[in-house]
Amino acid sequence: EPEVTQTPSHQVTQMGQEVILRCVPISNHLYFYWYRQILGQKVEFLVSFYNNEISEKSEIFDDQFSVERPDGSNFTLKIRSTKLEDSAMYFCASRPSSSVGTGELFFGEGSRLTVL
Amino acid sequence: ELKVEQNPLFLSMQEGKNYTIYCNYSTTSDRLYWYRQDPGKSLESLFVLLSNGAVKQEGRLMASLDTKARLSTLHITAAVHDLSATYFCAVDPGTYKYIFGTGTRLKVLA
């Protein structure tokens with residue numbers, strides 16, 4: 001069964017460093033998302049991406065963050081100058097077009113980011 | 001701004017008992033999703049509810065949606081230990097973002 005894959009599964013970085021989290025969405029999906037979950041807390045929307053541009057972003061998604069779809073398969077989240085409070089699990093999700101399926105989001109296994 | 005609230009936030013229940021988790025949301029939406037999350041794991045889709053009055057059942061779990069009341073319920077029948085997890089509802093308000101509820105951490109005691 002097709003699945004969303006994310007790398008790395010865990011990344012440890014020093015405060016102030018840049019990190020890139022990678023996602024490979026399901027191949028026929030058109031909408032891509034990043035969510036964040038601080039340990040034990042709610043799942044927070046960061047950004048959605050469609051047709052090679054950002055569709056919506058939350059207040060969390062400030063200039064420190066960027067997303068890119070550099071080729072036909074990868075979808076990346078870049079966090080510049082990481083802060084301690086960026087430590088969280090980051091989930092990538094995808095879904096097919098609105099005319100196909102139920103709108104259900106399919107999630108990857110997540111990338112745990114630890115900022116020291 | 002869409003708000004999605006769940007209650008209770010924590011639920012500890014005995015095996016064999018029934019209980020209901022509630023998901024309230026603040027804006028119009030015809031689409032609501034329930035997910036399960038085990039500790040340290042990803043979000044697993046449980047139910048997709050796409051219209052007013054929709055009811056879905058899988059095993060000991062049943063979900064329903066009342067779009068007029070802006071309320072969804074997840075009912076647990078005769079709970080078993082394997083149902084211990086955190087349950088999230090998520091609302092699609094027709095924009096490009098899905099908003100998740102606060103989550104309900106369920107612990108089923110043997």
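Quick caveat: nothing in here was measured; it's all calculated off a predicted structure. Chain letters run A, B, ... following the sequence lines, proteins first, then strands; residues in each count from 1.
- Ranked by non-hydrogen atom pairs under 4.5 Å with chain B, the options A:Lys57, A:Gln6, A:Gln37, A:Met89 are led by A:Gln37.
- Applying the 6.0 Å contact sphere to NE2 of A:His10 captures more than 12 heavy atoms from other residues, nucleotides or ligands.
- In summary, the side chains of B:Ser42 and A:Glu109 do not present any donor paired with an acceptor at a separation below 3.5 Å, with no hydrogens or angles considered.
- In this structure, the ring of B:Tyr98 has its center no less than 6.0 angstrom from the ring center of A:Tyr35.
- Minimum interatomic distance between B:Lys41 and A:Phe91 (heavy atoms only, all atoms of both residues): O-CZ, 3.7 Å.
- Of all heavy-atom pairs spanning B:Ile99 and A:Phe45, the tightest one is CD1-CB, 4.5 Å.
- With hydrogens and angles ignored, the 3.5 Å screen pairs a side-chain donor or acceptor of B:Tyr35 with a backbone N or O of A:Leu105.
- For B:Leu50, the part lying under 4.5 angstrom from a heavy atom of chain A is the side chain only.
- The hydrophobic cluster containing B:Leu61 also contains B:Tyr19, counting ILVMFWY residues as joined when their side-chain heavy atoms lie under 4.5 angstrom apart, directly or transitively.
- Clustering ILVMFWY residues whenever any of their side-chain heavy atoms sit less than 4.5 angstrom apart, transitively, puts A:Tyr31 in a cluster other than the one holding A:Ile26.
- Applying the side chain to side chain donor-acceptor pair (under 3.5 Å) rule to A:Tyr33 yields the partners A:Arg95; only residues at least two apart in sequence or on another chain are considered.
- Taking a 6.0 Å sphere around CG of A:Leu116, one finds it holds more than 12 heavy atoms contributed by other residues, nucleotides or ligands.
- When the side chains of ILVMFWY residues are joined at heavy-atom separations under 4.5 Å, either directly or via intervening members, B:Met62 and B:Leu11 end up in two distinct hydrophobic clusters.
- Hydrophobic clustering places A:Leu113 together with A:Val67 (ILVMFWY residues linked when any side-chain heavy atoms are closer than 4.5 Å, directly or through intermediates).
- Around atom CZ of A:Arg112, no more than 12 heavy atoms belonging to other residues, nucleotides or ligands sit under 6.0 Å away.
- Atom CZ of A:Arg69 has more than 12 heavy atoms from other residues, nucleotides or ligands within 6.0 Å.
- For the options A:Ser55, A:Gly103, A:Gly108, heavy-atom pairs under 4.5 Å to chain B are most numerous at A:Gly103.
- Open room surrounds OH on B:Tyr22; 12 or fewer heavy atoms of other groups in view lie less than 6.0 Å from it.
- Along residues 13-20 of chain A, no residue comes nearer than 4.5 angstrom to chain B, judged on non-hydrogen atoms.
- To the nearest 0.5 Å, atoms CD (A:Glu59) and CD (B:Glu1) are separated by 6.0 Å.
- Heavy atoms closer than 4.5 Å to chain A are found in the side chain of B:Gln37, but not in its backbone.
- At least one donor-acceptor pair under 3.5 Å links the side chain of B:Arg31 to the backbone N or O of A:Thr102.
- Taking a 6.0 Å sphere around CG of A:Asp63, one finds it holds 12 or fewer heavy atoms contributed by other residues, nucleotides or ligands.
- With rounding to the nearest 0.5 Å, the separation of CD in A:Glu44 from NZ in B:Lys97 is 11.5 Å.
- To the nearest 0.5 Å, the span separating OG1 on B:Thr102 from CD on A:Gln41 amounts to 11.5 Å.
- With a 6.0 Å radius and a threshold of 12 heavy atoms from other residues, nucleotides or ligands, A:Glu85 has its CD atom above the threshold.
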